[in-house]
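Every chain is numbered from 1 and lettered A, B, ... according to where its sequence line falls, protein lines coming before strand lines. Note that this is a predicted model, so its numbers are computed, not measured.
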Number of protein chains: 2
Amino acid sequence: MPHILVVDDDREIRTLLTRFLGGHGYRVSAAKDGAEMMRMFEAGRIDLIILDVMLPGEDGLNLCRRVRAGSATPIIMLTAVGDETDRIVGLEMGADDYLSKPFNPRELLARIKAVLRRAGGPGAPVSAGETTSGGGRILAFEGWRLDLARRELHSPEGVLTQLSAGEFDLLVAFAEHPQRVLTRDQLLDLARGRVAAPFDRSIDVQVSRLRRKMEADPAEPVLIKTVRGGGYLFSASVKVEK
Amino acid sequence: MPHILVVDDDREIRTLLTRFLGGHGYRVSAAKDGAEMMRMFEAGRIDLIILDVMLPGEDGLNLCRRVRAGSATPIIMLTAVGDETDRIVGLEMGADDYLSKPFNPRELLARIKAVLRRAGGPGAPVSAGETTSGGGRILAFEGWRLDLARRELHSPEGVLTQLSAGEFDLLVAFAEHPQRVLTRDQLLDLARGRVAAPFDRSIDVQVSRLRRKMEADPAEPVLIKTVRGGGYLFSASVKVEK
DNA sequence: CGCAGGTGAAACACTCGGTTACCAAAATCT
DNA sequence: AGATTTTGGTAACCGAGTGTTTCACCTGCG
């Protein structure tokens with residue numbers, strides 16, 4: 001069930017889209033401005049953002065660029081009618097598609113499907129002459145290199161470090177939200193896409209396993225710090241490479 | 001008398017096309033969704049499919065792919081006006097032509113004739129799993145070369161590696177969707193054109209056989225990685241050569 | 001100083017995936 | 001056609017990965 005984040009300052013449009021997309025099998029969250037959007041984007045696992053260009057405060061184009069700086073999450077921009085300029089700038093900023101207001105909901109649905117299909121679906125085979133580099137990002141921190149496309153972790157010495165699927169997913173969750181305290185709930189959502197059961201300790205165990213593989217001294221963790229009563233914190237600064 | 005299958009959820013378009021094409025010497029059947037379409041397609045001998053992209057339930061692009069998995073029957077896609085994305089994806093999925101709505105019936109007629117002429121030459125030989133447009137493509141990755149036309153795999157050392165038909169199809173499915181987690185369902189659909197039975201382990205076994213032939217150390221696979229709870233991932237980047 | 005809640009770690013249980021063996025269907029060879 | 005080989009799928013076993021439980025320990029507090 002893809003999770004869509006709708007960003008628009010018009011309350012009516014937000015409720016309309018929430019209801020419409022919800023009725024078509026999507027999980028929908030809504031934000032009314034950039035600040036709210038970034039908070040939600042960093043907290044939950046978002047599969048696609050529908051982003052109005054005209055927003056109070058920071059505008060949509062800027063937000064688009066900021067999201068793109070650290071993530072390949074698909075973005076569909078909503079532009080004012082016939083505003084060619086916004087459309088072009090939007091695509092340059094890295095938006096995946098655009099739609100001018102007022103729009104036909106069915107058309108929005110079609111674009112959402114198309115964009116999601118391109119981004120992660122089974123379709124979209126490689127086209128001739130291209131090297132595939134879809135979401136080929138590499139996250140680099142403290143000498144480590146985390147290759148999201150190949151699902152590989154390379155140590156500072158350059159050796160391939162074997163991680164289990166769960167360990168890898170958890171590390172990605174950390175590396176995509178560095179220098180922030182993440183609760184066990186958030187980590188569970190980001191890495192496993194599920195919510196915590198009472199007395200759920202699985203994240204603790206996985207953190208411990210990650211530390212054993214990555215920390216010089218697992219008893220004195222440097223990369224993944226414990227925040228008592230809060231959760232865990234990934235302390236390295238992360239650079240997005242590709 | 002060629003038999004055309006029209007697939008569109010709009011009743012008006014169906015009757016319009018049925019009457020129009022019928023009047024021009026074609027036998028026409030109509031379906032309102034994917035399920036109906038597949039039923040008719042499998043029941044009768046269909047010479048050409050006219051397929052709307054936007055459909056209730058399974059969408060046109062998916063249907064196109066499913067038909068292509070087991071047949072070379074020509075397909076003309078109907079896309080929403082100016083939807084470049086759908087058009088491109090549609091052609092990648094193996095559609096033979098596209099037309100954006102609303103269209104001129106005479107233009108549709110011209111395209112039908114053209115497509116049938118191209119397809120229905122001397123017998124139109126089909127090999128399952130082959131994409132129509134991608135005649136002589138070679139997919140290259142990590143030194144390996146996968147020749148789709150000859151159905152041959154050459155190792156980095158240049159030696160011909162023997163693969164069974166099923167192994168070859170599965171490898172093609174992987175190489176056409178690199179660096180993406182593919183579920184067993186998707187792989188079964190892509191490589192075999194069928195859906196998974198409960199407790200279906202056939203993909204696992206085929207993956208194991210592929211690894212034995214291609215991985216330096218099958219116990220620590222580098223090319224085809226396992227994503228526990230998710231499926232498999234082809235981790236090499238692929239270049240299309242011809 | 002004792003207590004309560006929080007965390008790390010070891011041990012265990014359960015699930016999932018890799019692999020082998022085997023069988024039936026299909027292809028190939030006499 | 002019949003025999004033989006190849007191939008693909010199923011069943012079964014085993015090991016790896018993941019979550020739960022438990023206990024020890026630590027920290028902060030009364």
Salt bridge or not between [X] and [Y]? Use side-chain N to carboxylate O under 4.0 Å.
X: B/R184; Y: B/D204; value: yes
X: A/E167; Y: A/R151; value: no
X: A/E152; Y: A/R145; value: no
X: B/D169; Y: B/R192; value: no

Write down the distance between [atom1] ([X]) and [atom2] ([N]), rounded to a whole number of angstrom.
X: A/L171; N: D/dG17; atom1: CG; atom2: P; result: 16 Å
X: A/D204; N: C/dG6; atom1: CG; atom2: C1'; result: 9 Å
X: B/R228; N: D/dG15; atom1: CZ; atom2: P; result: 15 Å
X: A/L170; N: D/dT18; atom1: CG; atom2: C1'; result: 12 Å
X: B/L210; N: C/dT19; atom1: CG; atom2: C1'; result: 15 Å
X: B/E220; N: C/dT19; atom1: CD; atom2: P; result: 12 Å
X: A/K225; N: C/dT7; atom1: NZ; atom2: P; result: 16 Å
X: A/K213; N: C/dA9; atom1: NZ; atom2: C1'; result: 16 Å

Think B/Y232 has a side-chain N or O under 4.0 angstrom from the OP1 or OP2 of C/dC16? no

OP1 or OP2 of C/dT7 sitting under 4.0 Å from any side-chain N/O of A/T226? no

Heavy atoms only: give me the nearest B/S237-B/F141 pair and the separation to one decimal. O-CB, 3.6 Å

Using a 6.0 Å cut-off, check whether atom NZ of A/K225 has over 12 heavy atoms from anything other than its own residue.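 Atom NZ in A/K225 is packed in, count exceeds 12.
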
Test B/E142 against A/R150 for salt bridge (charged side-chain N to carboxylate O under 4.0 Å, His left out), laying out the working first. CA-CA 13 Å; B/E142 308 266 317; A/R150 295 180 135 86; 3.2 Å; yes

Report which part of the nucleic acid B/F168 touches: base, sugar-phosphate, or nothing (heavy-atom distance under 4.0 Å, all strands).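 Here B/F168 touches no strand at all.
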
What is the per-nucleotide protein-contact pattern of nucleotides 7-13 of chain D, from the 5' end, where B denotes a base atom under 4.0 Å from a protein heavy atom, S denotes such proximity for sugar-phosphate atoms only, and - denotes neither? SBBB-B-

